[in-house]
Novice: 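Please see the structure below; I have some questions.
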Amino acid sequence: MNNIQAIIKRTFDILLSVVCLVVFSPLFLYCYLRIKKDDKGPAIYSQERIGLHGKPFRIFKFRSMRTDAEKHGSALSCGDSDSRLTKSGKFLREHHLDELPQLWNVLIGDMSFVGPRPDVPGYADKLVGDDRDVLKLRPGITGPATLKYRLEDEMISE
């Protein structure tokens with residue numbers, strides 16, 4: 001991407017994130033209240049990830065697991081039957097609502113709407129060769145592959 005394309009992309013990210021934060025604010029409130037109804041822990045979960053140029057940042061999500069979910073290790077991936085998921089957490093994950101707070105990450109410049117998945121510290125250190133190029137990009141809420149295959153799946157099902 002040249003400088004002008006990068007500026008246009010960043011401007012788009014800022015404008016769209018502001019609009020989405022305003023439009024989805026009732027949904028933010030709904031998710032917050034639903035999490036608080038399940039238990040008294042914090043509604044927002046943050047985790048360190050690696051972003052643009054290998055710089056660490058805090059990614060924000062609505063908490064979908066019990067507050068003690070990581071006492072035996074990282075809770076990066078879990079299936080729908082994982083006992084650590086809260087009742088509201090399962091709903092939030094099924095509908096991708098747990099990722100709404102990442103709109104803030106986009107607004108402050110840690111993430112973009114479209115980009116590579118933000119890596120967990122330790123994994124980024126293992127990248128070699130061309131794979132390290134992902135560190136030259138701002139990580140995204142969704143990635144090009146996800147968009148491509150989602151569109152292909154929709155075309156196949158029609």
Side-chain angles (χ1 to χ4, degrees), residues 9-127 134-135 137-154 157:
K9 185 175 193 299
R10 181 69 190 126
T11 302
F12 172 79
D13 282 344
I14 291 169
L15 293 174
L16 188 57
S17 64
V18 167
V19 168
C20 288
L21 284 165
V22 171
V23 169
F24 294 128
S25 60
L27 195 53
F28 273 84
L29 180 61
Y30 170 77
C31 293
Y32 175 85
L33 294 173
R34 187 144 180 183
I35 292 166
K36 286 301 195 178
K37 184 180 175 194
D38 268 3
D39 64 43
K40 303 301 179 225
I44 301 289
Y45 169 80
S46 73
Q47 186 179 52
E48 187 175 88
R49 297 290 177 96
I50 302 300
L52 183 63
H53 306 301
K55 178 184 157 210
F57 72 96
R58 305 253 2 130
I59 192 170
F60 298 104
K61 290 185 167 202
F62 279 121
R63 186 172 54 82
S64 59
M65 298 182 132
R66 295 187 329 250
T67 53
D68 66 349
E70 291 186 320
K71 71 179 178 184
H72 297 297
S74 180
L76 277 178
S77 62
C78 73
D80 290 340
S81 62
D82 193 315
S83 63
R84 299 173 298 174
L85 278 174
T86 62
K87 183 179 173 186
S88 61
K90 185 174 180 178
F91 173 83
L92 293 173
R93 283 197 177 188
E94 285 174 354
H95 297 89
H96 303 283
L97 298 174
D98 62 320
E99 297 183 4
L100 276 175
Q102 291 176 29
L103 292 169
W104 178 253
N105 287 109
V106 172
L107 180 63
I108 63 174
D110 290 333
M111 294 178 71
S112 181
F113 276 96
V114 178
R117 246 182 113 70
D119 278 322
V120 177
Y123 290 115
D125 298 336
K126 296 175 184 172
L127 297 173
V134 298
L135 298 176
L137 302 169
R138 198 177 309 271
I141 293 175
T142 190
T146 304
L147 294 174
K148 178 181 188 269
Y149 292 116
R150 186 178 300 150
L151 291 173
E152 286 180 2
D153 287 345
E154 290 173 5
S157 64

Novice: Quick check for you: to the nearest 0.5 Å, what is the distance between Ile59 atom CD1 and Arg49 atom CZ?
Specialist: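 One gets 4.5 Å once the value is rounded to the nearest 0.5 Å.
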Novice: Would you check if there is a donor-acceptor pair between the side chains of Ser64 and Lys90 at a distance under 3.5 Å?
Specialist: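 There is no such pair between these side chains.
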Novice: Hey, mind stepping through Val106 and Ile141 against side chain to side chain contact (heavy atoms under 4.5 Å, CB included) and telling me if it holds?
Specialist: CA-CA 8 Å; Val106 172; Ile141 293 175; 3.6 Å; yes
Novice: Mind checking the OG1-NZ spacing from Thr86 to Lys37? Nearest 0.5 Å is all I need.
Specialist: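 Answer rounded to 0.5 Å: 12.0 Å.
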Novice: I need the Ile108 CD1 to Leu103 CG distance, nearest 0.5 Å.
Specialist: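 Going from the CD1 atom of Ile108 to the CG atom of Leu103 covers 11.5 Å.
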Novice: Looking at Arg66, is its backbone amide N or carbonyl O close enough to the side chain of Arg84 to form a donor-acceptor pair, meaning the two atoms are under 3.5 Å apart?
Specialist: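 No; zero donor-acceptor contacts below 3.5 Å.
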Novice: Centre of Phe91's six-membered ring, under 6.0 Å away, within 45 degrees of the axis: is that where NZ or CZ of Arg34 sits?
Specialist: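 Yes; both conditions hold, so Arg34 lies above the ring face of Phe91.
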Novice: Say whether Ser88 and Asp38, considering side chains only, have a donor N or O and an acceptor N or O under 3.5 Å apart.
Specialist: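 The criterion, which ignores hydrogens and geometry beyond distance, is satisfied for Asp38 and Ser88.
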Novice: Closest approach of Pro118 and Gly140, non-hydrogen atoms and distance?
Specialist: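 So the two residues come closest at CD-O, 3.8 Å.
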Novice: Give, for atom NZ of Lys87 and atom CG of Leu92, the distance between the pair rounded to the nearest 0.5 Å.
Specialist: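 That separation rounds to 12.5 Å.
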Novice: Charged N to carboxylate O under 4.0 angstrom, Arg63 versus Asp39?
Specialist: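 Here Arg63 pairs with Asp39 in a salt bridge, since their nearest N and O are under 4.0 Å apart.
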Novice: Checking side chain to side chain contact (heavy atoms under 4.5 Å, CB included) for the pair Val120/Ile50: CA distance, chi angles, key distance, verdict?
Specialist: CA-CA 6 Å; Val120 177; Ile50 302 300; over 6 Å; no
Novice: Within this structure, what is the CD1-CZ distance for the pair Ile44 and Phe60, rounded to the nearest 0.5 Å?
Specialist: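 Those atoms lie 8.5 Å apart.
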Novice: Run the side chain to side chain contact (heavy atoms under 4.5 Å, CB included) test on Glu48 and Phe57 for me, step by step, so that the C-alpha distance in whole Å, both residues' side-chain angles and the decisive distance to 0.1 Å come before the verdict.
Specialist: CA-CA 6 Å; Glu48 187 175 88; Phe57 72 96; over 6 Å; no
Novice: Stepwise, does the side chain to side chain contact (heavy atoms under 4.5 Å, CB included) test hold for Asn105 with Gln102?
Specialist: CA-CA 5 Å; Asn105 287 109; Gln102 291 176 29; 4.0 Å; yes
Novice: Would the Tyr32 and Phe62 ring centres measure less than 6.0 Å apart?
Specialist: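 Here the rings of Phe62 and Tyr32 have centres that are no less than 6.0 Å from each other.
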Novice: Please check if the side chain of Lys61 supplies one atom and the backbone of Leu97 the other of a donor-acceptor pair under 3.5 Å.
Specialist: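 Not a single qualifying donor-acceptor pair exists.
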Novice: OG of Ser112 to CZ of Arg138: how many Å apart, nearest 0.5 Å?
Specialist: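 The OG atom of Ser112 sits 7.0 Å away from the CZ atom of Arg138.
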